Each structure stands twice: as C-alpha cells, then as structure tokens.
Amino acid sequence: MRGMPKTYNHLTVHERDLIAVLRSKGQSLRSIAKKLNRHPSTLSRELQRNAPKINRGYYLAHRAHERAKLRNRLSRTHPRLKNQEIHDLVRQKLKKGWSPELISGWLWKKYPKHYVCHESIYQWIYYEAREFIPYLVYSHKRRKRKGQCKTHKALHVPERVSIKKRPKHIERRRQIGHWEADTMISRSSSTAIQVLVERKTRLTKLSKLKRKIARQMSSTLNRRLARYPKSYRLTVTYDNGPENHEHIRTNRVLGTRSYFCEPYHSYERGTVENTIGLVRRFLPKKTDFSKISKNKIRSIENWLNNRPKKCLGFNTPAEAFKTASVALTG
C-alpha cells in the first residue's frame, strides 16, 4: 500500500475504538486498515493478541487497550534471576544461611556465567519469594534501616584505655592476633555466650558463661586464647560492661593489651557485633542459653568459621586464619 508510514507506532485507544465499531459493521480488515492508514497485518496481530481468548470475534476496544498496555509494561521487566539453575542455587544457599551478598560473590567466583548481583537476589526475595525472608540475617518484613540514640553513663572500668589510643595499624587489619570480645545475653537466662573474634581473619570462638560476671569472662577468654602462641594474642578490644572489669588479669595471663570502645559506639567493634547478628540466627532473643548444649555452641562456631566472607575474598575464616598462620610462622 502506498503512502504507508515507514516507522511503526502502537495503536491508540481511538484507533482501537474505530476497529471495534467498523468490525461490528462487518467491514473487512483491509478496508479498516485503509481508513486508519495502517497495514492489514497490524490489525490482524491486534485481533490475535488483544481479542478475548475464547471468542476472537468479540473485540472490545477498552479491554484490548488494557491488554496492550500490560504487555508493553511486562516487556520491559527483566527476570531478577535469569534461569532455573540460578533459582536452584540461590534457594540452596539461602537455606544454608548464606546472605545474598555471599551468594552473589560465590556465584561470581564459581559460576561466572550465572553471576547475579546481591540486590537482584534481595529484590527476588522481597517481591517474588517472600518465603525466604526468614532465612535472611534480620528477617525484616520490609527493607529498612534503624538507628538509635542513647545518653552516656559513668564508666567504672579500672585502667581503661580508650580505643582512640589503639595503634592505627590494628584498624587496618594487616596483622593477626588482635581480637574483639563481647557477650550475648538473654532476658530468659542468666547464662550468657562469650563471642570472641579475630579482626584480620574473622575466626570466631564461642563459649558459654554460667553467669555474665567478670571472673568467668576473664577465665573463659584466657582458656580459649592460651592455646595459641603469644604472637597470636596481642590485643583485645572490649565494650564498657562490668563483665570486662578483670581485663587486667587477662592481660597478665595472656600478655595482651586492652582497649575499650566509646560508650554506645558499637560500630567501633563492628566485627564482633556482626558476628553476634549471625549467631542470633540460631540463638534468637529470649533463648534460654542454659538449655543450649556445648555441642550446639560448637556446631554454630564451626558454621561461622567455615562460611565464606566477601571481606576475605570469599574464603572462610578458617582458611584465612590458616593462611595467616603459615605466613606468620614461615
């Protein structure tokens, strides 16, 4: 047909109204196409795509226009996870307690062709697979950030040395032997969990404390670190809780030095705080720690030390600690 436009434009709602009216009068597609200055195949495709599935001859303009807009919108929506194989891998790792960021890094390392960014995994979980939200670290029903503000209280830690005086090279995590210590508590239990993390390799030690008191905190810390050579136990960074009052005794036994973060500045011990968040997956708040067996604590510790981390190049803390140990002794 002469005079037809060379570029293709979608049918408008007005054109669909004319198609419906002229079709109801029994006019052919060719005659309608000529009046609309359209190719007959355009109208044929319109009836195939946007007419009712059951009765193709029953064409309503407003319903057809809605179907066309929906198809056009969906055509711009790309799948968050590209294929079934990626779906299966992501599901498998989420059920093992891996975060979307870990899964993304692991896929990039092991299966480059199946790489998907962690944001896509988060979006897939929150928009398409909400049944996997409980497998996330914090399991929020909505993705959000929280903040808090607290006032200072008087500090009574003897011979306290502020983290501000801690040597800068410790902050850079270039040397093994610098640890962070904290305790997990529960309102349902007088028993606590001591969490001890090596800053460079993220190696974690978990221990039960019958009571959250200074003597048990110090004795347990001494027992867990005494098995390592002196070069593996250089400093320990604490918070300002009363359970850390016997840090001087720990220093005498282990040869370590103590540093304390500023009040309510938990981010200054971000490594141990992050680790506690992971342990909470297995021991949520209000758990009675007295009923948790030592074997359960040890299995959680093994899970943490054999879980790859992005900050370690997706190696595990156990692998990183072994590599650092070889470099230190070699």
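All figures in this text were calculated on a predicted structure; none of them were measured in a lab.
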Engineer: Whether the Arg211 and Thr191 side chains hold a donor-acceptor pair (N or O, under 3.5 Å, no angle test) is what I'd like checked.
Structural biologist: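 Their side chains do not contain a donor-acceptor pair, so the 3.5 Å distance test is not met.
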
Engineer: Quick one: pull up CZ in Arg257 and OG1 in Thr235 and give me the separation to the nearest 0.5 Å.
Structural biologist: 6.5 Å

Engineer: With no hydrogens and no angle check, is any side-chain donor or acceptor of Ser104 less than 3.5 Å from a backbone partner on Pro100?
Structural biologist: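 Such a contact is absent between Ser104 side chain and Pro100 backbone.
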
Engineer: Quick check: Tyr228 with Phe321 (ring centres under 6.0 Å apart)?
Structural biologist: yes

Engineer: From Gln175 CD over to Ser231 OG, what is the distance, rounded to the nearest 0.5 angstrom?
Structural biologist: 9.0 Å

Engineer: Check whether any side-chain heavy atom of Asn222 sits under 4.5 Å from a side-chain heavy atom of Arg249, and report yes or no.
Structural biologist: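 In short, these two side chains touch, coming nearer than 4.5 Å.
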
Engineer: Rounded at 0.5 Å granularity, tell me how far CG in Leu43 sits from CD in Glu15.
Structural biologist: 8.5 Å

Engineer: State yes or no: are the ring centers of Trp303 and Phe282 separated by less than 6.0 Å?
Structural biologist: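 Centroid separation for Trp303 and Phe282: below 6.0 Å.
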
Engineer: Would you check if there is a donor-acceptor pair between the side chains of Lys35 and Gln27 at a distance under 3.5 Å?
Structural biologist: yes

Engineer: Establish, from distance only, whether the side-chain atoms of Asp88 and Gln92 form a donor-acceptor pair under 3.5 Å.
Structural biologist: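 On atom types as modelled, these side chains do not qualify, holding no pair under 3.5 Å.
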
Engineer: Can a donor-acceptor pair be found, under 3.5 Å and without considering hydrogens, that links the side chain of Thr220 to the backbone of Gln216?
Structural biologist: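 Confirmed, Thr220 side chain pairs with Gln216 backbone.
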
Engineer: Any chance you could measure Cys117, atom SG, to Tyr122, atom OH, to the nearest 0.5 Å?
Structural biologist: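 These two atoms lie 11.5 Å from each other.
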
Engineer: Please check this pair: side chain of Arg130 against backbone of Tyr126, looking for a donor-acceptor N/O pair closer than 3.5 Å.
Structural biologist: yes

Engineer: Out of curiosity, His118 NE2 to Leu107 CG, how far, rounded to the nearest 0.5 Å?
Structural biologist: 13.0 Å

Engineer: With a 4.5 Å cut-off on side-chain heavy atoms, are Leu196 and Thr204 touching?
Structural biologist: no

Engineer: Could you check whether any side-chain N or O of His265 sits under 3.5 Å from a backbone N or O of Tyr267, counting only pairs where one atom can act as donor and the other as acceptor?
Structural biologist: no

Engineer: Just so I know, are the side chains of Lys96 and Tyr135 near enough to count as touching, which here means a heavy-atom distance under 4.5 Å?
Structural biologist: no

Engineer: Decide, yes or no, whether a salt bridge links Arg160 with Glu262 under the criterion of side-chain N to carboxylate O below 4.0 Å.
Structural biologist: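 Result for this pair is yes, salt bridge flagged.
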
Engineer: For Ile213, I'd like to know if atom CD1 has over 12 heavy atoms of other residues, nucleotides or ligands within 6.0 Å.
Structural biologist: yes

Engineer: NZ of Lys286 to OG of Ser188: how many Å apart, nearest 0.5 Å?
Structural biologist: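 Those atoms lie 7.0 Å apart.
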
Engineer: Are any of the side-chain heavy atoms of Val197 and Leu203 separated by less than 4.5 Å?
Structural biologist: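 With C-beta onward as the side chain, the pair stays apart.
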
Engineer: Is the backbone of Val272 close enough, under 3.5 Å, to the side chain of Glu180 for a donor and an acceptor to pair up by distance?
Structural biologist: yes

Engineer: Check the pair Arg166 / Thr237 against side-chain hydrogen bond (donor to acceptor under 3.5 Å, both in side chains), numbers first and verdict last.
Structural biologist: CA-CA 9 Å; Arg166 192 176 68 178; Thr237 302; 2.9 Å; yes

Engineer: Test your reading of the model: is there a side-chain donor-acceptor pair from Asn315 to the backbone of Leu312, 3.5 Å cut-off?
Structural biologist: yes

Engineer: Using a 3.5 Å distance criterion without hydrogens, assess whether the side chain of Glu301 forms a donor-acceptor pair with backbone atoms of Leu206.
Structural biologist: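 A pair under 3.5 Å: yes.
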
Engineer: Would you mind telling me which of Lys205, Lys212, Arg269 makes a salt bridge (charged side-chain N to carboxylate O under 4.0 Å, His left out) with Asp182?
Structural biologist: Arg269

Engineer: Do the side chains of Thr250 and Thr256 get nearer than 4.5 Å, heavy atoms only?
Structural biologist: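 Touching, per the 4.5 Å side-chain cut-off.
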
Engineer: Hey, is the main chain of Ser186 close enough, under 3.5 Å, to the side chain of Ser189 for a donor-acceptor pair?
Structural biologist: no

Engineer: Less than 4.5 Å apart, side chain to side chain, heavy atoms only: is that true for Ile292 and Ile297?
Structural biologist: yes

Engineer: Hey, does Ser218 have a side-chain heavy atom less than 4.5 Å from the side chain of Leu221?
Structural biologist: no

Engineer: Is the ring pair Trp98/Trp106 parallel, tilted or perpendicular, if the boundaries are 30 and 60 degrees?
Structural biologist: perpendicular

Engineer: Under 3.5 Å, side chain of His178 to main-chain N/O of Arg233, donor-acceptor pair present?
Structural biologist: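 Not confirmed, His178 side chain does not pair with Arg233 backbone.
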
Engineer: Let me see the working for Thr271 and Arg173 under side-chain hydrogen bond (donor to acceptor under 3.5 Å, both in side chains), right down to the final yes or no.
Structural biologist: CA-CA 11 Å; Thr271 303; Arg173 303 178 190 266; 2.9 Å; yes

Engineer: Does a donor on one side chain and an acceptor on the other come within less than 3.5 Å for Ser44 and Ser41?
Structural biologist: no

Engineer: Under 3.5 Å, is there a donor on one side chain and an acceptor on the other for His247 and Ser258?
Structural biologist: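 Ser258 and His247 do have a side-chain donor-acceptor pair below 3.5 Å.
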
Engineer: When you measure from the side chain of Arg202 to the backbone of Arg199, do you find a donor-acceptor pair of N or O atoms at a distance under 3.5 Å?
Structural biologist: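 Yes; at least one donor-acceptor contact below 3.5 Å.
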
Engineer: State, yes or no, whether a side-chain contact exists between Asn244 and Phe260 at a heavy-atom distance under 4.5 Å.
Structural biologist: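 Yes, close enough: below the 4.5 Å cut-off.
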
Engineer: Just checking Lys210: does its NZ atom have more than 12 heavy atoms from other residues, nucleotides or ligands closer to it than 6.0 angstrom?
Structural biologist: no

Engineer: Without hydrogens or angle criteria, can the side chains of Ser290 and Asp288 be said to hold a donor-acceptor pair below 3.5 Å?
Structural biologist: yes

